[in-house]
Amino acid sequence: MSQLPFDLGAIIRFSDGKEGRLLRVVVDPQTQRVVDLIVQFGVFARHSWVIPTERVLQADEDEILLHVMSTELDAYQEFSEVEYDTAGDEETVVHPSFENARYWTGYYSAFVQQPVIPTLHHHIPVGIPSNMESIGRRMLVRNRSGIVGRIDHLLVAQENWTITHLVVRRGIFPYDLIIPMDWVEAVEDAVFIKGDNEQLRLLPLYRPRPVPEVLEELQQRFDAAQPDFSHVVTSLEEGVLQLEGGVMDEAESAEAEHIGRSLSGVVAVDNRLQTNGALLASVSKALLVDPRTCNEVIEVHNDRGVIALHGVVTSGAVRKSAVEIAARQKGVISVVNALEVKVEKERLI
């Protein structure tokens with residue numbers, strides 16, 4: 001599954017060539033899918049409209065092309081935010097140091113001391129359904145310990161517009177932290193996540209790197225590792241590392257995935273590795289259920305994704321079919337065909 005680094009603030013290009021800006025995305029909290037884009041357009045970018053993602057023709061990190069003319073925006077829902085304050089109730093938390101605050105009333109007056117009346121600040125989005133959430137750039141991210149940082153951009157699965165990760169900028173000397181979307185507990189005026197500060201330290205950093213550079217470092221790590229990872233096939237697309245091929249057991253599979261996740265530039269790992277036992281069972285079952293080979297006696301051997309077929313089969317067509325069936329199984333790198341064809345002697349009449 002490829003991931004798109006989704007810049008909150010990217011250029012929005014309309015069908016007529018006019019440009020706007022991406023202000024926010026509207027997210028379905030049940031599916032974590034981006035359903036709408038909130039697009040700024042107009043003089044001084046004073047107006048924003050809600051555009052469904054179905055109107056997106058093409059998207060990359062810097063620009064989103066819409067199948068919408070800028071003159072057609074009035075046909076879409078306009079977006080705005082209403083902000084207001086209300087008096088707090090008895091449950092509103094006020095820091096103890098402010099219970100009897102003193103404040104300066106003017107140059108010719110004295111300090112006045114009186115109890116602070118707490119207020120609550122509200123942001124009400126207008127133009128999106130109440131059961132949807134909106135996420136924007138520089139939005140605060142909080143956990144139970146306080147402020148984690150501010151959202152810089154999102155990582156979105158291109159196939160279905162599902163948000164997989166938040167990229168959060170934090171620190172006095174800024175760095176970008178990759179936070180899985182399933183850590184998000186609520187989206188209100190800020191994004192609230194689970195995970196304490198100790199768990200945050202274990203998360204990977206977001207550092208875009210050239211694909212060849214990442215794969216070269218991965219190969220060096222694999223070569224230096226104790227297990228034999230020579231049969232592991234790797235690819236990297238939009239920060240998602242895909243591992244295919246065969247390993248001896250689950251422990252080797254887990255170690256290969258751990259090495260991949262530890263690399264700078266890798267956002268997530270799609271582990272498709274097959275263990276020797278699992279792949280052997282998969283190929284054997286496929287040969288057993290396929291009508292072309294189900295009546296044949298075929299021995300299957302597996303060495304980290306390299307399948308060897310042994311035995312005697314009734315025809316050349318069966319021999320060819322057995323290779324095709326084995327090669328189709330997930331995790332098979334290559335097939336060694338050691339099958340022999342049974343030769344029957346012609347009966348004399």
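Any value given below was found using the heavy atoms of this structure, including those in side chains, with hydrogens, waters and symmetry copies removed.
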Mutual orientation of the aromatic rings belonging to His310 and His301 [parallel < 30°, tilted 30-60°, perpendicular > 60°] = perpendicular
ask   = Taking atom types as modelled, is there a side-chain donor on Glu296 or Thr314 under 3.5 Å from an acceptor on the other?
value = yes
inquiry  = Checking Arg169 against Tyr175: is there a side-chain donor and acceptor pair closer than 3.5 Å?
reply    = no
inquiry  = Measuring only between side-chain heavy atoms, which start at C-beta, is Ile163 closer than 4.5 Å to Val27?
reply    = yes
task = Inspect the contact between Arg21 and Glu63 and indicate whether a charged nitrogen and a carboxylate oxygen are less than 4.0 angstrom apart.
result = no
key: Under 3.5 Å side-chain donor-acceptor pair for Ser134 and Arg24   = yes
request  = Apply side chain to side chain donor-acceptor pair (under 3.5 Å) to His47 and Glu78, showing your working.
outcome  = CA-CA 7 Å; His47 298 279; Glu78 191 167 356; 2.7 Å; yes
request  = List the atom of Met132, the atom of Val35, and the distance in Å for their closest heavy-atom pair.
outcome  = SD-CG2, 4.2 Å
key: Transitive ILVMFWY side-chain link Val168 to Leu200, under 4.5 Å   = yes
query = Does the pair Arg319/Glu340 count as a salt bridge with the N-to-O cut at 4.0 Å?
reply = no
Passing option when Ile38 is tested against Val26, Ile51, Ile135 for side-chain contact (heavy atoms from CB on, under 4.5 Å) = Val26
request  = Taking the side chain as every heavy atom from C-beta outward, state whether Pro227 and Glu255 have any atom pair closer than 4.5 Å.
outcome  = yes
message = In the structure I gave you, are the side-chain heavy atoms of Val232 and Phe222 within less than 4.5 Å of one another anywhere?
response = yes
message = Less than 4.5 Å apart, side chain to side chain, heavy atoms only: is that true for Leu140 and Val191?
response = no
message = Applying a strict under-4.5 Å side-chain criterion to I, L, V, M, F, W and Y, I'd like to know whether Leu8 and Met139 cluster together.
response = yes
query = Atom CD in Glu72, atom OG in Ser15: separation rounded to 0.5 Å?
reply = 7.0 Å
task = Provide the closest heavy-atom pair for Gly305 versus Leu279 in the form atom of the first, atom of the second, distance.
result = CA-CD2, 3.6 Å
key: Side chain Asn143, main chain Gly146, donor-acceptor under 3.5 Å   = yes
query = Do Trp183 and Lys194 come close enough that some side-chain heavy atom pair is under 4.5 Å?
reply = yes
request  = Over all heavy atoms of both residues, which pair between Leu23 and Ser48 is shortest? Give the atoms and the distance, please.
outcome  = CD2-OG, 3.7 Å
key: Leu166 side chain reached by Tyr206 side chain, heavy atoms, under 4.5 Å   = no
ask   = How far does CG of Leu66 sit from CD of Gln58, to the nearest 0.5 angstrom?
value = 11.5 Å
ask   = Does any N or O in the side chain of Arg13 come within less than 3.5 Å of the main-chain N or O of Glu19, such that one atom is a donor and the other an acceptor?
value = no
query = Between the side chains of Asn271 and Ser253, does any donor sit under 3.5 Å from an acceptor?
reply = yes
ask   = Do you reckon Val247 sits in the same ILVMFWY cluster as Ile333, going by side-chain contacts under 4.5 Å, direct or chained?
value = no
task = Indicate whether the side chain of Gln219 and that of Glu217 have a donor and an acceptor atom separated by less than 3.5 Å.
result = no
query = Does Arg138 CZ have over 12 foreign heavy atoms under 6.0 Å away?
reply = no
ask   = To the nearest 0.5 Å, what is the distance between NZ (Lys330) and OG (Ser282)?
value = 10.0 Å
ask   = Are Val34 and Ile12 grouped together when hydrophobic residues (ILVMFWY) are joined by side-chain heavy atoms under 4.5 angstrom apart?
value = yes
Pair Val306-His231, side-chain contact (heavy atoms from CB on, under 4.5 Å): steps then yes or no = CA-CA 8 Å; Val306 178; His231 292 91; 3.5 Å; yes
ask   = Just by modelled atom types, is the Gln199 backbone N or O under 3.5 Å from a matching donor or acceptor in the Asp196 side chain?
value = yes
message = Tell me whether the count of non-hydrogen atoms from other residues, nucleotides or ligands lying under 6.0 Å of CZ in Arg144 goes above 12.
response = no
remark   = CD (Glu257) and CD (Glu252) are apart, to the nearest 0.5 Å, by 14.0 Å
message = Distance check, rounded to the nearest 0.5 Å: His165 atom NE2 versus Leu203 atom CG?
response = 9.0 Å
query = Under 3.5 Å, side chain of Asp28 to main-chain N/O of Arg33, donor-acceptor pair present?
reply = no
query = Has the side chain of Arg142 got a donor or acceptor atom that lies under 3.5 Å from a matching backbone atom of Gly149?
reply = no
task = Report yes if the side chains of Leu309 and Val336 come closer than 4.5 Å at any heavy-atom pair, otherwise no.
result = no
inquiry  = Pair Arg304, Met248 - check side-chain contact (heavy atoms from CB on, under 4.5 Å), show working.
reply    = CA-CA 6 Å; Arg304 302 172 190 270; Met248 284 295 294; 2.9 Å; yes
Rounded distance [0.5 Å steps], CG in Asp228 versus CD in Gln226 = 10.0 Å
inquiry  = Quick check: closest heavy atoms across Ala59 and Ile64, and the distance to 0.1 Å?
reply    = CB-CG1, 4.2 Å
query = Should Leu215 and Leu241 count as side-chain neighbours, where that means a heavy-atom distance under 4.5 Å?
reply = yes
query = Taking atom types as modelled and ignoring hydrogens, do the side chains of Ser70 and Asp16 form a donor-acceptor contact shorter than 3.5 angstrom?
reply = yes
ask   = Among side-chain atoms of Ser262 and Arg221, is any donor-acceptor pair under 3.5 angstrom?
value = yes
message = Show, in sequence, the C-alpha distance, side-chain angles and deciding distance for Asp36 and Ile128, and conclude whether the side-chain contact (heavy atoms from CB on, under 4.5 Å) test is met.
response = CA-CA 9 Å; Asp36 298 298; Ile128 63 174; 5.6 Å; no
request  = Consider only side-chain heavy atoms of I, L, V, M, F, W and Y, link residues closer than 4.5 Å, and tell whether Val233 and Val332 are in one cluster.
outcome  = no
inquiry  = Keeping Arg170 on the side-chain end and Asp176 on the backbone end, is there a donor-acceptor pair under 3.5 Å?
reply    = no
ask   = After noting the C-alpha distance and the side-chain angles of Leu218 and Thr234, does the key distance pass the side-chain contact (heavy atoms from CB on, under 4.5 Å) rule?
value = CA-CA 9 Å; Leu218 176 63; Thr234 62; 3.6 Å; yes
query = Does Thr162 reach the main-chain N or O of Gln32 with its side chain, forming a donor-acceptor pair under 3.5 Å?
reply = no
ask   = Hey, does the side chain of Trp49 reach the backbone of Leu73 with a donor-acceptor pair shorter than 3.5 angstrom?
value = yes
ask   = Which heavy atom of Phe41 sits nearest a heavy atom of Lys18, and at what distance?
value = CE1-CB, 4.0 Å
message = Minimum heavy-atom separation for Ile307 and Ala326, please, with both atom names.
response = CG2-CB, 4.4 Å
inquiry  = Quick check on side-chain contact (heavy atoms from CB on, under 4.5 Å): which of Val25, Asp152, Leu154, Ile151 does Arg137 satisfy it with?
reply    = Asp152
